[in-house]
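Down below is the structure, laid out as structure tokens.
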Amino acid sequence: MEAAACKRSLSRRASSASFRLRCPSLNSVRLRRVFDIFDKNHDGVITVQEIHQALTRLGLETDLYDLESTIKSFIKPGHIGITYEGFVSLHQSLDQTLFGLDLEEEEEEEEESDLTEAFKVFDEDGDGFISAQELQAVLGKLGLPEGKEIGRVEQMICSVDQNHDGRVDFFEFKNMMAGVVVRSS
């Protein structure tokens, strides 16, 4: 019963297309990145507490008990949390439960929509560009060390800023995402 309550709670918060990641290659990259961000001690396992802390930092308040009830079936026996494979299974389960996923349907449009939604996360002021300050704010919310170093953030911006205006537009963001390689687990 608690798992259903958590899924309903998540469905109210995750009603946008950004939660649905239908393009397999981008899905894999994004899930790996999210897994690595949640895995604070880099031991290859995410505990319920680590997931709860990451969701809280992102403004997605969840009840720890409900979250644990939802996740526990994805934890392998003898582990204290979920492995990357369990995390993928959890995502697929939530995707199917919340959205009735049909993988054949409109993959290209969904990929574009996913990228647009991801871009909006970083474009905090909605001006159509990601500035170094906006990127720094999001990295800080995620607890990443780069969020504390504006020089490092400016280097990140420069590495994808093709027109050299000091900001990342959607086209540059899309090109950067297309070039991302998935790290093997």
Side-chain angles (χ1 to χ4, degrees), residues 10 13-42 44 46 50-51 53-60 83-85 87-88 90-92 94-95 98-99 101-185:
L10 283 173
R13 293 181 184 95
S15 60
S16 74
S18 65
F19 189 79
R20 293 179 287 169
L21 305 172
R22 295 185 181 187
C23 176
S25 62
L26 281 177
N27 192 13
S28 181
V29 169
R30 291 175 185 153
L31 286 178
R32 186 76 222 187
R33 283 184 171 178
V34 170
F35 182 87
D36 290 343
I37 289 169
F38 285 13
D39 183 16
K40 283 303 205 184
N41 62 359
H42 308 291
I46 304 174
E50 286 173 321
I51 293 173
Q53 289 171 349
L55 291 174
T56 299
R57 281 193 305 273
L58 292 170
L60 300 171
T83 61
Y84 176 69
E85 292 75 22
F87 188 69
V88 170
L90 171 64
H91 176 266
Q92 290 169 343
L94 288 173
D95 213 7
L98 298 174
F99 302 108
L101 184 62
D102 178 5
L103 290 175
E104 299 298 320
E105 173 185 311
E106 305 170 4
E107 281 186 7
E108 216 168 283
E109 286 179 24
E110 288 297 326
E111 180 180 335
E112 185 82 13
S113 177
D114 289 346
L115 286 171
T116 301
E117 291 297 318
F119 183 82
K120 288 178 183 178
V121 168
F122 293 96
D123 180 19
E124 292 188 322
D125 65 8
D127 67 353
F129 299 96
I130 301 170
S131 69
Q133 291 76 23
E134 289 171 317
L135 179 57
Q136 183 180 32
V138 173
L139 294 174
K141 288 177 187 175
L142 292 172
L144 298 173
E146 292 87 349
K148 296 177 183 169
E149 304 172 30
I150 191 66
R152 175 90 167 94
V153 173
E154 288 170 346
Q155 287 176 340
M156 291 175 178
I157 294 288
C158 287
S159 72
V160 295
D161 180 17
Q162 296 172 347
N163 64 3
H164 308 292
D165 65 355
R167 307 176 296 179
V168 176
D169 60 31
F170 181 71
F171 177 76
E172 293 164 334
F173 181 78
K174 187 175 173 181
N175 284 342
M176 183 264 313
M177 290 301 289
V180 173
V181 178
V182 179
R183 185 182 69 157
S184 61
S185 52

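Residue indices begin at 1 and follow the sequence shown.
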With the side chain counted from C-beta on, respond yes when [X] and [Y] share a heavy-atom pair under 4.5 Å apart, and no when they do not.
{"X": "Phe35", "Y": "Ile46", "answer": "yes"}
{"X": "Phe87", "Y": "Val34", "answer": "yes"}
{"X": "Met176", "Y": "Val168", "answer": "no"}
{"X": "Asn163", "Y": "Phe171", "answer": "no"}

Looking only at non-hydrogen atoms, find the nearest pair between [X] and [Y] and report the distance.
{"X": "Ile130", "Y": "Phe122", "result": "CD1-CB, 3.5 Å"}
{"X": "Arg32", "Y": "Tyr84", "result": "NH1-CG, 3.3 Å"}
{"X": "Ser159", "Y": "Met156", "result": "OG-O, 2.7 Å"}
{"X": "Asp127", "Y": "Arg167", "result": "OD2-NH1, 4.4 Å"}
{"X": "Glu50", "Y": "Lys40", "result": "OE2-N, 3.4 Å"}
{"X": "Gly128", "Y": "Phe119", "result": "O-CZ, 3.4 Å"}

Measuring from [X]:[atom1] to [Y]:[atom2], what's the distance to the nearest 0.5 Å?
{"X": "Lys120", "Y": "Phe170", "atom1": "NZ", "atom2": "CZ", "value": "9.5 Å"}
{"X": "Arg57", "Y": "Ile37", "atom1": "CZ", "atom2": "CD1", "value": "9.0 Å"}
{"X": "Glu172", "Y": "Asp169", "atom1": "CD", "atom2": "CG", "value": "4.0 Å"}

Output, in order, the C-alpha distance, side-chain angles, deciding distance and verdict of side chain to side chain contact (heavy atoms under 4.5 Å, CB included) for Glu146 and Leu135. CA-CA 9 Å; Glu146 292 87 349; Leu135 179 57; over 6 Å; no
Side chain to side chain contact (heavy atoms under 4.5 Å, CB included) between Asp123 and Phe173, worked out: CA-CA 11 Å; Asp123 180 19; Phe173 181 78; over 6 Å; no
For the NZ atom on Lys148, are there more than 12 heavy atoms of other groups (residues, nucleotides or ligands in this structure) within a distance under 6.0 Å?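 No, the 6.0 Å shell around NZ holds no more than 12 heavy atoms from other groups.
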Only counting residues at least two apart or in another chain, list the ones meeting side-chain contact (heavy atoms from CB on, under 4.5 Å) with Ala132.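 Ala132 satisfies side-chain contact (heavy atoms from CB on, under 4.5 Å) with Ile150, Val153, Glu154, Ile157 only.
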Is a side-chain N or O of Glu124 found less than 3.5 angstrom from the main chain of Val138, in a donor-acceptor match?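 Such a contact is absent between Glu124 side chain and Val138 backbone.
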